[in-house]
2 protein chains.
Amino acid sequence: MKEDQKIPNPVVRRLGLYYRCLNKLYDEGIEYVASKDIASRLGIKSSQIRKDLSYFGEFGKRGVGYNVENLIKKLETIIGVDKNWNVIIIGAGNIGSALVNYPGLKKEKFNIIGVFDADRSKVGKKIGKLTIQHISQLHEFAKKNIIEIAVIAVPENAAQMVTEELEKLGIKGIVNFAPVKLRTNIPVEEVDITLSFKTLAFKIGREGSR
Amino acid sequence: MKEDQKIPNPVVRRLGLYYRCLNKLYDEGIEYVASKDIASRLGIKSSQIRKDLSYFGEFGKRGVGYNVENLIKKLETIIGVDKNWNVIIIGAGNIGSALVNYPGLKKEKFNIIGVFDADRSKVGKKIGKLTIQHISQLHEFAKKNIIEIAVIAVPENAAQMVTEELEKLGIKGIVNFAPVKLRTNIPVEEVDITLSFKTLAFKIGREGSR
DNA sequence: TAGATTGTTAATCGATTAACAATC
DNA sequence: TAGATTGTTAATCGATTAACAATC
């Protein structure tokens, strides 16, 4: 199967879930696992796991299951977390600052190497080990460093402009926390916090009526 | 249409997107808008918007479009942001602290009324206007206040326990930032930041091969 | 060998889109 | 009236699941 056919988005997201689950199993000392067991942990169907994996190859042994350590390694390569990623953060507000110190990211090989903000009163201040730089220094910074991923954590009205700048600098992907749809050709992942609250509000409202 | 039939999840999420887009249009002083215009702003199909709205009623005028102000009000009621929501945050780490100060939430009527942490060394410290309380005080707090939504921003291994506690206290919904699937019957919205980075990494890796 | 579980196909389910009559 | 756009149905597309032969 292993071609570069289009992989459905839900599949991509689940790969990360499998990866996480496998790591937990590994920590528990489990050597072999059946799709059925992963499925029950994640609350999905075992056939879905097997189907998802089949996009990339055959990793299991019939009658036995999957070797946990081996499948972790395979998923690492497939997802791309077998390497380190250099990340910068644009916007040193609440969200931006939190991400700089967020241990989850470093653990997963996403290394934050720079923080930028347009507010000169923030420039020079430290967040963890990093010093906030003015956004105008980004261009220079990009010449000296390989930046692969940028996080957009700026106010809504600045997000599109920043995106265009990032695209020019050759950044490869964006994680967008601003509540706008970005117009760009590079891959974007949206993390829309207020939207999640709204979705939850809706669901709570419906709970009673069932 | 307006029954309490099941609304597909993607529809619910898009309602929030429509709401946001309509507010922008309102700020721009636009009175009437066609589904085609909303669609082009959001990068989706106009028939999808009309279909989504049709789950809840008829809000447009044929040949004319939708009255922006009116549709905003309707969506407010449908989504449930016509009222204020009381929110508490469990876990005063990076993410938890950032959310307390996050202006986006208050603006959307999600009012954070308490922050809790298990780490006694954090208790008593201030985040914005709120004082971090010890998690053991939660029970007491819940008696004196109506808490509707809880944010879980604790380490993975504490998340399930916290969830069960919250369920007992009668909390109505959870926004979960911990990287685990919570087993609970109350509605949960997942915000999985590291998963988004992984998904992005995968997409970047595929970009080249297309 | 008997039992278990994979990888894959085909069937099912659900969500998106096109099309168009209704109507402003 | 002529033009525009809705609300809704039916067609299409895509994703999930069941089923099972292959095989460890």
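By convention in this document, chain letters (A, B, ...) are assigned in the order of the sequence lines, proteins followed by strands, and residues within each chain are numbered from 1.
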Enquirer: My understanding is that only residues two or more places apart in sequence, or in another chain, count here; which of them pass side-chain contact (heavy atoms from CB on, under 4.5 Å) with A:R183?
Expert: A:Q160

Enquirer: Which of residues 30-41 of chain B sit near DNA chain C, with a heavy atom under 4.0 Å from it?
Expert: none

Enquirer: Determine whether the aromatic ring centres of residues B:F59 and B:Y66 are separated by less than 6.0 angstrom.
Expert: no

Enquirer: For B:S40, what residues pass the side chain to side chain donor-acceptor pair (under 3.5 Å) criterion, not counting sequence neighbours?
Expert: none

Enquirer: With sequence neighbours excluded, tell me which residues meet side-chain contact (heavy atoms from CB on, under 4.5 Å) with B:F141.
Expert: B:I88, B:I113, B:F116, B:Q133, B:N145, B:I147

Enquirer: Specify the separation, in whole Å, of atom CG of B:D52 and atom P of C:dT16.
Expert: 7 Å

Enquirer: Taking protein heavy atoms under 4.0 Å as touching, what does nucleotides 18-24 of chain C look like 5' to 3' if B marks base contact, S marks sugar-phosphate-only contact and - marks none?
Expert: BB-BBBB

Enquirer: In chain order, what residues pass the side chain to side chain donor-acceptor pair (under 3.5 Å) check against B:T77, with sequence neighbours excluded?
Expert: none

Enquirer: Taking side-chain contact (heavy atoms from CB on, under 4.5 Å) as the definition, give me every residue that meets it alongside A:I127, ordered by chain and number, with sequence neighbours left out.
Expert: A:A92, A:S97, A:V100, A:N101, A:V115, A:I132

Enquirer: With a 4.0 Å limit, can you tell me whether B:R14 has a side-chain N or O closer than that to the phosphate oxygens OP1/OP2 of C:dA15?
Expert: no

Enquirer: Which residue pairs pass the side chain to side chain donor-acceptor pair (under 3.5 Å) test when at least one of the two sits in residues 165-181 of chain B, sequence neighbours left out?
Expert: B:E167-B:T184, B:N176-B:E190

Enquirer: With sequence neighbours excluded, what pairs up with A:K83 under the salt bridge (Lys or Arg N to Asp or Glu O under 4.0 Å) test?
Expert: A:E148

Enquirer: List in numerical order all residues of residues 65-77 of chain A for which some heavy atom is under 4.0 Å away from an atom belonging to DNA chain C.
Expert: A:G65, A:Y66

Enquirer: Please map the stems of DNA chain C, keeping only stretches of three or more Watson-Crick or G-U wobble pairs with both distances under 3.5 angstrom.
Expert: C:3-24 with D:3-24

Enquirer: Taking only residues two or more places apart in sequence, or in another chain, which ones meet B:T194 in a side-chain contact (heavy atoms from CB on, under 4.5 Å)?
Expert: A:R20, A:Y102, A:L105, A:E108, B:D192

Enquirer: Choose from D:dT16, C:dG7, C:dT16 the nucleotide whose nearest atom is closest to any side-chain atom of B:P10.
Expert: C:dT16

Enquirer: Would you mind classifying the nucleic acid contact of A:Q48 as base, sugar-phosphate or nothing, using non-hydrogen atoms under 4.0 angstrom?
Expert: base

